[in-house]
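For the single chain, residues carry numbers from 1 onward in sequence order.
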Amino acid sequence: MQEKSIARWLLKDSVLNVADAARLILEMQELLGTKSKELQRHELILLMRRVIQEGASKIENDEQTATLESAMWSCIEEKTAYLRPVSLRDLRYFARRILSSRNAATLKLRHATSSECRRILQEAHGNSKSAYVKARAILHSVFNYGIRREWCDSNPVSRLDKPKVQEKAIEPLTLNEVHQLKQAARESDMLLSLKLMLYGGIRPAEVARLRMDDICWNENEVIIRPCVSKTGGGRSVPLRGCSRIPDWQRIIPRNWARRWKELRKKAGFSKWTPDACRHTFASYHAAYFRNLPMLQLELGHGDLDLIRSRYVRPAVSSDAKLFWENADE
């Protein structure tokens with residue numbers, strides 16, 4: 001009777017009664033299995049105390065999380081310091097599409113499953129493999145960010161297959177098309193820009209961001225600084241085909257995108273494939289120099305397979321020879 005009185009006194013401020021406490025203890029013993037039957041009374045009390053403490057800690061951790069919406073925008077905010085405006089705009093577009101999926105915005109990171117992430121990605125970008133792959137990468141980075149912030153313990157996106165995207169083949173410009181572009185550029189302020197794209201493989205956006213002191217005329221090379229590069233990695237590219245450019249044309253003009261569009265129109269191109277000059281450079285480089293590691297360095301790629309599958313198209317050796325021999329014309 002004295003023990004019952006003590007038990008009731010201990011539970012006087014609790015909504016539980018003695019019977020409730022007894023049932024909970026029995027349930028805990030059942031969950032612990034035979035281990036609980038092998039222990040002495042004081043050992044069993046210590047074990048149960050440990051179970052209670054670790055269970056409470058887990059519940060607290062489970063509640064310490066964030067919604068996908070708040071984690072997404074917090075992750076993007078962290079990237080604003082080093083991403084260019086166009087990259088941020090692209091990232092925010094994908095984020096809004098992901099969050100517009102059913103129940104995506106309110107999804108708790110710690111409780112998210114791989115199947116839920118798959119559904120969200122399918123609803124947001126299931127109609128395009130390339131968009132799905134990009135959205136998957138963004139969602140994956142958000143969960144990694146959540147792990148660093150202790151909002152979740154694992155990344156459910158890691159268990160989702162990454163679909164293979166079949167890149168469309170981009171044919172290099174013909175020698176006649178190259179001649180048309182160079183002919184149109186000779187009387188403009190875009191000759192240097194065109195040569196950097198055709199004979200250096202530099203992306204249009206990278207050319208537009210170049211400073212004149214990035215072009216080292218004495219050393220015959222162009223420095224692509226990390227802040228200029230699309231991928232954020234710096235590289236140096238040989239300065240080819242530029243030795244005869246007069247001083248007045250050794251400039252990167254303002255309003256570059258408009259000037260580039262005008263040059264293509266002047267050269268007779270009604271349609272244009274993005275990065276056509278870069279693909280032309282890669283194809284003729286591979287056919288003439290036959291040195292893919294060197295091409296990899298000049299393109300700034302970390303993967304030779306990508307160069308083989310996307311950038312290098314078959315080019316006739318004689319055409320490649322003429323392409324490089326006429327670089328300075």
d(Leu292 CG, Leu297 CG) to nearest 0.5 Å is 11.5 Å

Q) Is the closest side-chain heavy-atom distance between Met294 and Pro238 below 4.5 Å? A) no

Lys162 and Tyr132: CA distance, side-chain angles, deciding distance, side chain to side chain contact (heavy atoms under 4.5 Å, CB included) verdict
CA-CA 9 Å; Lys162 181 179 177 181; Tyr132 181 96; over 6 Å; no

Side chains of Arg89 and Tyr93: any donor to acceptor distance under 3.5 Å? no

> For Ala267, does its backbone N or O pair with a side-chain atom of Gln180 as donor and acceptor, under 3.5 Å?
Replying inline: yes

Of all heavy-atom pairs linking Ile98 and Ala104, the shortest is O-CB, 3.4 Å

Q.
I'd like to check Phe94 versus Leu139 (side-chain heavy atoms, cut-off strictly below 4.5 Å). Are they in contact?
A. no

Separation between CD (Gln296) and CZ (Arg235), nearest 0.5 Å, reads 12.0 Å

Worksheet entry | Check: Glu123 main-chain N/O paired with Ser101 side-chain donor or acceptor under 3.5 Å | no

Worksheet entry | In one Ile/Leu/Val/Met/Phe/Trp/Tyr side-chain cluster, 4.5 Å: Leu322, Phe289 | yes

- request: Please examine the side chains of Leu239 and Leu196, heavy atoms only from C-beta on, and report whether any two atoms are closer than 4.5 Å.
  value: yes

Got more than 12 heavy atoms from elsewhere within 6.0 Å of CG, Asp161? no

Flag, side chain of Thr174 to backbone of Glu177, donor-acceptor distance under 3.5 Å:
yes

On a heavy-atom basis, the closest approach of Thr67 and Ala105 is CB-O, 3.4 Å

dist Lys108:NZ -> Cys152:SG (nearest 0.5 Å) comes out at 13.0 Å

Tightest non-hydrogen contact, residues Ala286 and Leu295, listed as CB-CD2, 4.3 Å

ask   = Do any N or O atoms from the side chain of Lys195 and from the backbone of Cys242 form a donor-acceptor pair under 3.5 angstrom?
value = no

Side chain to side chain contact (heavy atoms under 4.5 Å, CB included) with Val207: of Ile252, Val228, Val222, only one passes, and it is Ile252

Q) Without hydrogens or angle criteria, can the side chains of Ser114 and Arg159 be said to hold a donor-acceptor pair below 3.5 Å? A) yes

query: If you draw a 6.0 Å radius around CZ in Arg41, do more than 12 non-hydrogen atoms from other residues or ligands fall strictly inside?
result: no

- Task: Please check if the side chain of Thr65 supplies one atom and the backbone of Trp151 the other of a donor-acceptor pair under 3.5 Å.
- Result: yes

Over 12 non-hydrogen atoms of neighbours within 6.0 angstrom of CD in Glu329 | yes

State whether the side chain of Tyr284 and the backbone N or O of Leu173 hold a donor-acceptor pair below 3.5 Å, judged by distance alone.
yes

Is Arg209 reaching over with its side chain to a backbone N or O of Arg225, donor-acceptor style, under 3.5 angstrom?
no

Rounded to the nearest 0.5 angstrom, the CD1-CG distance for Ile224 and Leu299 is 11.0 Å

Sequence neighbours excluded, the answer for salt bridge (Lys or Arg N to Asp or Glu O under 4.0 Å) partners of Glu325 is Lys321

Quick check on Arg244: does its CZ atom have over 12 non-hydrogen neighbours (other residues, nucleotides or ligands) under 6.0 Å away? no

request  = Begin from the C-alpha positions of Tyr199 and Trp324 and carry the test ring pair (Phe, Tyr, Trp, His ring centres under 6.0 Å) through to its verdict.
outcome  = CA-CA 8 Å; Tyr199 298 105; Trp324 290 105; 5.6 Å; yes

Checklist line | Exercise: do Ser193 and Trp260 side chains pair donor with acceptor under 3.5 Å | finding: no

Taking every heavy atom of Glu116 against every heavy atom of Ala112, the minimum-distance pair comes out as OE1-CA, 3.5 Å

query = Would you say Asn155's side chain and His140's backbone share a donor-acceptor pair under 3.5 angstrom?
reply = yes

Could you check whether any side-chain heavy atom of Pro172 comes within less than 4.5 Å of a side-chain heavy atom of Phe323, counting everything from C-beta outward? no

Verify, without hydrogens or angle tests, whether Arg203 (side chain) and Arg278 (backbone) share a donor-acceptor contact under 3.5 angstrom. no

*Anything under 30° is parallel, anything over 60° is perpendicular, the rest tilted; go ahead and classify Trp272 against Phe269.*
perpendicular

Count the heavy atoms belonging to other residues, nucleotides or ligands that lie under 6.0 Å from CG of Asn127, then report whether that count exceeds 12.
no

Heavy-atom check, side chain of Leu109 versus side chain of Leu68, under 4.5 Å: yes

Only one of Lys265, Arg258, Arg264 passes salt bridge (charged side-chain N to carboxylate O under 4.0 Å, His left out) with Glu262, and that residue is Arg258

Value for CG (Asn220) from OG (Ser243), rounded to nearest 0.5 Å, stands at 8.0 Å

* To do: Indicate if Met212 and Leu191 have the same hydrophobic cluster label, given that clusters are the connected sets of ILVMFWY residues with side-chain heavy-atom separations under 4.5 angstrom.
  => yes

So CG of Leu107 and CD of Glu69: to nearest 0.5 Å the spacing works out to 11.5 Å

Residues 72-81, side-chain donor-acceptor partners within the protein, below 3.5 Å, at least two apart:
| from | atom 1 | to | atom 2 | distance (Å) |
| --- | --- | --- | --- | --- |
| Ser74 | OG | Tyr145 | OH | 2.6 |
| Glu78 | OE1 | Arg148 | NH2 | 3.2 |
| Thr80 | OG1 | Glu77 | O | 2.7 |

Here the pair of heavy atoms bringing Leu192 nearest to Ile245 is CA-CD1, 3.9 Å

Treating Ile, Leu, Val, Met, Phe, Trp and Tyr as nodes and any side-chain heavy-atom pair under 4.5 angstrom as an edge, say whether Trp256 and Ile251 lie in one connected cluster.
no

In short, Arg259 meets Ser188 closest at the heavy-atom pair NH2-CB, 4.3 Å

May I have the step-by-step check of side chain to side chain contact (heavy atoms under 4.5 Å, CB included) for Lys134 and His125, ending in yes or no?
CA-CA 9 Å; Lys134 188 163 187 177; His125 293 287; over 6 Å; no

Does Leu26 reach the side chain of Arg23, with side-chain heavy atoms less than 4.5 Å apart? no

